[in-house]
Amino acid sequence: MDNLNLLIQAPILNVQLLLDGLWIGAIFALAAFGMALVWGVMNIINVAQGEFVMLGGFITLMVMEAGLSPLLGIPAAAIVLFVLGWLLYRVIIWRIVDADMFISLLATFGISIMMQQLMNEIFGSDVRTAESGLGMFYLFDNMVTVSQIKVLAFVLAFAIGLALWLFLKRSRLGQAIRATSQNPRAARILGIDTDRVYAATYAINAALCGAAGALVVMAYSIHPYVGLPYTVRSFMIVIMAGLGNLGGVIAAGLGLGAAEQFAGFLLGAEYQLAFVFLLLVVVLVWRQMVLARRRQYLK
Amino acid sequence: ECVITMGAAVSLTGKYSTNGTHTKNGYNLALKVINDKGGVKVGDKTCKLAVKYYDDESTPARGAELAERLIKQDGVKFMLGPYSSGLTKAIAPVTEKYKVPMVEANGASRSLFTKGYKYLFAVLSTSEQYLASAVALAAENAEKMGKKPNQITLALAIENDPFSQDIRAGVMDDAKKYGMKIVVDDKLPKELNDMTSTLTKVRALRPDVLVVSGHAKGAATATRQIAEMKIDIPMVAMTHCDSAKIIKKFGKAAEYTLCASQWAPTLKYSDEVFGSAMDFAKLFEKTYGYMPPYQAAESAAAVLVYADAFQRAGSTDPQKVRDALAATDLMTFYGKVKFDETGKNIAKPMVLYQVLNGKYVVVAPSKWAEAQAVIPRPKWSERK
Amino acid sequence: MNRRLANVIAILALGVIGILGPWLFPAHLSQFSKLWLFIVLALTWDLLGGQTGYNSFGNVVFFGIGMYAAAVTQVGLYYPVAAYTAAKGGGTEFVFDVAQFYTGLAVGLPVGGIMAALAAAALGMVILGMRGHYFAIATLGLAIAAGELAAGWEYIGAGSGMVTPTPPDTIDTTLLFYYLSFALAAVTFGFLAWLYSTRFGLAINAIRDDEDKAEAMGHHTTRNKVITWTISAFFLGIAGGIFGNLSKFIDPIDVAFNGAEVGVWMILMAILGGKGTLWGPVIGAAVFYVTKELFWTYLLGWQRVALGALIVIIVVFFPQGIVGWLKERWPERFGPSKEEMEAADAKGGA
Amino acid sequence: MTQPLLDVCNVSKAFGGVIANRNISLKVNRGQIVGLIGPNGSGKTTLFNSIVGYHPIDDGEIWFKGEEISRYRVGRIARLGLLRTFQQTRIYGRMTCMENMLISLPERESSFLDLLKSRHSAGIQRAKDLLEFVGLYSKRYHYAGDLSFGQQKLLEFAMALINEPEMLLLDEPTAGINPTLINGLIDRLKRANEELGITLLVIEHNMRVIMNLAEHIYCLAHGEMLAEGSPEEIRNDQRVIDAYLGAH
Amino acid sequence: MSDEKRTQETEEQRRKRISGYGMGGVDTVMSVDAVAKEAERIAANAPKEEDLLHLAGGEAFLSIEKLRAGYGRMEILHEFDLRIGKGQSLCLIGPNGAGKSTVLHSIFGFTNIFAGVVRIGEKDVTHMKPNQKLLEAGVAYILQDNSVFPDMTVEENLWMGGFLKNRPEEAREAAEKVFEKYPRLAARRKQPARVLSGGERRLLEISRALVMQPEVLLVDEPSIGLEPRFIDMVFEILEDLQKTEGKTIIMVEQNAKKGLEFADIGYVLVSGQLAKAGPGDELLEDPDVGRLFLGG
Ligand SMILES: Nc1ncnc2c1ncn2[C@@H]1O[C@H](COP(=O)(O)OP(=O)(O)OP(=O)(O)O)[C@@H](O)[C@H]1O
Ligand SMILES: Nc1ncnc2c1ncn2[C@@H]1O[C@H](COP(=O)(O)OP(=O)(O)OP(=O)(O)O)[C@@H](O)[C@H]1O
Ligand SMILES: [Mg+2]
Ligand SMILES: [Mg+2]
């Protein structure tokens, strides 16, 4: 409880923890957008989510090694991963969209371990970082420090969330995506090429993860095995937000980030993860108890 | 044609694969040099050395099985160690059971040497020594920080794996000896790439010394985030600085960091096979294209120890070789090797570098020190 | 050929191979021990995942609990556990003689199974009310949290892990654990074969196909689910206890609660062989394990790429698993036969 | 007169703003066959769901066999002997038709240990007979999920019958069933009612069915009870004609 | 033929027409096996190709020739033939599991086709992907089960009907026309489709299928789950489409009296094979059909 006292005595620490939580939460949310899309539209849980993030990071590193600003890595990673996502769909995913969701889970798990080791063979398992060239904000007499790249990540997550929302609401492809997610068979009888819709959805997801990866390598670090935490958190966020609720994804992402930071501070870093996952279980159990009282309606 | 094949399970994939590769490179370089020089005289024969590798995928669940496979299926009679303490812990019981000697270079956990293993020999300093000189240094320099040694406060941010936790135990013991107080004791998760919540705590509690150990990830993350958050602490000590390449990656941000190391190329050790420590480093760089981290050096040394033991035993009988190993008293480019009855090397100290002007400079122990340590570190506001 | 006869022959053949193992493949005994254990993992996962339709990512929790519980019992019968782990898992003063070692195992393994079963019963009552993905995610959360908690608990060695008791020299532990693993696999298989032939087997299948319907027909769905998970956890816990002794060193995350590998593999093996069938998990585990070992011997450095590719190919081309594929390909040979179906009528008659 | 088997008293149920049931009362005596009709969206299925415990009701009470069941959950109510079928058919898709039937044999009083006994019995024969009756005998070893829409409906019907509950709630049992077979179903229902004493409450839009089957009919409209009476009364009730039957 | 008859219908005749599911007795109780045996007897003199063509008015607009199709490896339809002329309506009836829905599925491409041809106009559409059927062959399908997009508004649902139009405005104009025609839907245009009652949903599905002005309309059991008045309404809509807009309609209906009364041509399908074919009214009067498939 010493740590709690500390927070009460030095309230400014709360600000730092909250901000740090929000930054990382924004990146989680970015990866989770894509997962929510793919899950909602294609009924696929994409376990390779974290690996897309990781690839985005490595692409940014390559951009940097080519002598360009790593900030260019954000669009570069998004574009490359969009193409990769499309290819993956055309080669593998299309065969399993109609199958049981669990099949997709395993297939993407296979893809994910392939990617991990491929990247390990190509780049080695070193921890890598890229310097964005952006500076820091120092507030309250250095008591609160804010890295500008993280602010950028935060803003970007919001902007992308908004853009995605508009895209789904307004554009033709967006409408096709929504229709397919609600009733694929009906979409097909209206002439929607659901196959292309799926490909686009998967590719957009990969692109979003790529952008997140570019931010991760600039704000944190990357190595070939870094993916799993991002996948797992995307999962959690989507579950908490509910499918097809982009606003909820942002809120859940930010909330999760902040919860982790405070948990790490209060309980020690070793219980940070355990706390967050137990929290997840508690949330689910609570939701379950509420639901049990008013049961799902059946026809 | 006499060939002595040793067996090794190393991490070629998974999270330890970088260090696993260093380990393998160290073994291979030593083999190559020894074989190029004609091999090892065993009795009246001259034998070449070879190693049979398996990949343990960085998980202890595989270790025991692989060791068994090497010994029973492949008929290996001598083992070289894997990378990491966890794997060594999993393998040692097997080699012990089959009475196969194992010379290891990367399992530093001291608990390996409390079990009465008779076939396990480690050329490296055990983990509790890693940061002992850093704590001692803090005590020595307490005055400069305006305190008595027993008023010094420590913050520990140490990864939650067997090896790092042993380092933590060592630091705790040393701190107790001086009566120092530990104000932060965070165990970092294995997947860490962000330690801002720990550092926020550190900033609030203003300890005198921050100790970080979490393999390369930990060193890289800490170096970067301490600088970003401009956290002023008089002393920051870490492990794995060189495998994290903190100087190359973070430049100024890495300045004044204290780093524990098993070995450094600048040390004045030498032997007949490789020449001086620097000679080894150059040869290694020529062969593999990068400067050897200590993991490579200690691995090469393990092979030298075997070669020496084969020679003295004059036989490839595991029992005889084990006895010869136990009696080892050998000078190598890596330092002196002499095992106590538990099998750990007691003849070689750890060294402590400090990053000064973009270079690693040995600052402790004083016998090898190239310069005086800069303590306390300049505040971030005072740095250019 | 009569299918029932074929079944009997297959079981006999496996039994003979199992019993003669030490003579047939003396050098590969510990690999085969793991194979038998993997079969248990796949079978027990399938009990809930395939037969009851509740896909769990968290079964590895019971594996880990069994492993730790067995090890702690084995030590705790003779020494204070905290001292044992504080010495970082063993030490010269912690010696086990032959009697102590055998007693430790004889008590420890059942304790491992029972603790795991108790955990499953307790957890099951809380989270088995969840449906579909929510259940899967909750179990995933539990698996991760369990590993992290174990890594923080000093009594069992925290992040430093725990070494299982070192057997006395005179015991051939390879042989011992081989037969233990084999026996466990045989008992598990036999038990499940019988269970699936009862009305209970139908009752859990009904949950898989339409739980609301089952409930509306008056089934005790929650009770049946919890019982199923408890049975699954019991065998899994024993498997964990044996696995810990085979691995000799228990790392909380890399060995005991290794959800990213063992946790996923058990699912993969069941699906590969054919979810919801009796033989599927057995065949799946054998094929998966052998392939994995081969890749890992001959494709060093690329074994995971190969494994990943294999997984993708399997699920893309054999989504119903090997057994399912055989049934579809040659329904006359592998589908339910006339006699079998008539025999199946017998089950569940009330 | 003895108390009714099922007694629904002033039950109300709203979903957000939509009031699906308002102050509904209805009684079914033991051994009766009662019909429930009403336009689409008038709250018939909602009432069924309220009775069998799928959701809590906002107001009112439901009594079954003299026991108040308004707070009970689905499983418990089912075990009391009150069973329902679904408007959108529910069968166990990956079990064979035969297995679907066998697992539907009455299980109300059985304990876990009973489940573990595997013994031959007359149940198998009954299952076969019923399957034959609904025309699914030749499909008995096919997966139920592979049946056509109507066949699934028939299977569900057979499953409900083999369970021999005290009371059965049927939600549009004949929708999508071939008219000739419907005649057979009605005959069977009447026999089940007479011989086994199964009490029936049936939702139907098919007047040919309900008029020939039910002895008493309730009509809902807009969530409220519009009318009740014998088939003849209902058929000629102007309110029912206006709200539901249309020009006849 | 039936055209004229209906326009001349008196008020009294209209009253007599079948409403909802119709009424009548339930005395003809036949076992499924008995039905199957008798059906076999009827199927023995199954209609020939020429008869089918003749029913279609001499020239087939949509034709299915010797179709063998099913699910997975299982064959459900055996050498099935169908002919329908432009602007005609056809009703498929038959026992449960006869393969009626499978016929519609096959036309649209949701089954495995082992052999045979499906032709629309001059075009062979046997292996065309489902999503091309509307654009390239002008076939719209009203599924047996729910096919609205539950979380889109009624308006958006209608717009989706015009997804294939080049300009979104066209779809909106078409939607406006639908709203003018059906005030029931107009009142709910901004509400999500999931709140609609069963009948309104069916209405929405049908009008949505018409936005693209398809040539051919496939309708699977329009009356399932609908209250009597809605059934009548749906059939009025279909009639309107056929009579005033000249659409070709193929429907499956278990409410066979209503279906046959409406349709120009009636087909009786038994066990995946055509057993009988004839003008709708004729089949309605046929004693065999009445006893075996209409419930007496
Ligand atoms: N879960 C729910 N949430 C919101 N509204 C609901 C829900 N369930 C039912 N309703 C509404 O309650 C009303 C009654 O629905 P119900 O399904 O009981 O009708 P019904 O009489 O069975 O109609 P049908 O003959 O079409 O089956 C409808 O307006 C429906 O939209
Ligand atoms: N997905 C499927 N897989 C395998 N067989 C199927 C599948 N769907 C339907 N069948 C089989 O095909 C046959 C015909 O089915 P279809 O749905 O065409 O019947 P239908 O005539 O429309 O019957 P209903 O009046 O009951 O709707 C049935 O015997 C059924 O068992
Ligand atoms: Mg209803
Ligand atoms: Mg149908």
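These values consider heavy atoms only, across backbone and side chains, with no hydrogens, waters or symmetry-generated copies. Keep in mind that this is a model prediction, so the values were computed, not measured. Convention: sequence-line order gives letters A, B, ...; per-chain numbering from 1.
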Over all heavy atoms of both residues, which pair between B:Thr13 and A:Asn120 is shortest? Give the atoms and the distance, please. CA-ND2, 3.9 Å
Heavy-atom proximity to chain B below 4.5 Å, by part of [X]:
{"X": "A:Gln261", "result": "both"}
{"X": "A:Tyr220", "result": "both"}
{"X": "A:Ala219", "result": "backbone"}
{"X": "A:Val226", "result": "side chain"}

Among B:Lys245, B:Met229, B:Met195, B:Arg203, which residue forms the greatest number of heavy-atom pairs with chain A at distances under 4.5 Å? B:Arg203
Point-to-point distance, once rounded to the nearest 0.5 Å, from [atom1] of [X] to [atom2] of [Y]:
{"X": "A:Thr129", "Y": "B:Arg224", "atom1": "OG1", "atom2": "CZ", "result": "4.5 Å"}
{"X": "A:Leu17", "Y": "B:Lys201", "atom1": "CG", "atom2": "NZ", "result": "9.5 Å"}
{"X": "A:Trp23", "Y": "B:Thr196", "atom1": "CH2", "atom2": "OG1", "result": "12.0 Å"}
{"X": "B:Ser17", "Y": "A:Tyr225", "atom1": "OG", "atom2": "OH", "result": "5.0 Å"}
{"X": "B:Thr200", "Y": "A:Phe262", "atom1": "OG1", "atom2": "CZ", "result": "9.5 Å"}

Taking the side chain as every heavy atom from C-beta outward, state whether B:Glu228 and A:Lys150 have any pair of such atoms under 4.5 Å apart.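 Side chain of B:Glu228 against side chain of A:Lys150, heavy atoms only: contact under 4.5 Å found.
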Do A:Glu260 and B:Asp194 touch side chain to side chain, with heavy atoms closer than 4.5 Å? no
Side chain to side chain contact (heavy atoms under 4.5 Å, CB included) for A:Tyr271 and B:Lys187? Distances and angles first, verdict last. CA-CA 8 Å; A:Tyr271 291 116; B:Lys187 293 178 185 161; over 6 Å; no
Can you list the steps and then say if A:Gln272 with B:Ser197 is a side chain to side chain contact (heavy atoms under 4.5 Å, CB included)? CA-CA 10 Å; A:Gln272 174 167 333; B:Ser197 72; 3.9 Å; yes
Heavy-atom distances under 4.5 Å only: say whether [X] touches chain A with side chain, backbone, both or neither.
{"X": "B:Ala227", "result": "backbone"}
{"X": "B:Ile231", "result": "neither"}
{"X": "B:Glu159", "result": "neither"}

Kindly say whether A:Val127 contributes a backbone atom to a donor-acceptor pair with the side chain of B:Lys249 at under 3.5 angstrom? yes
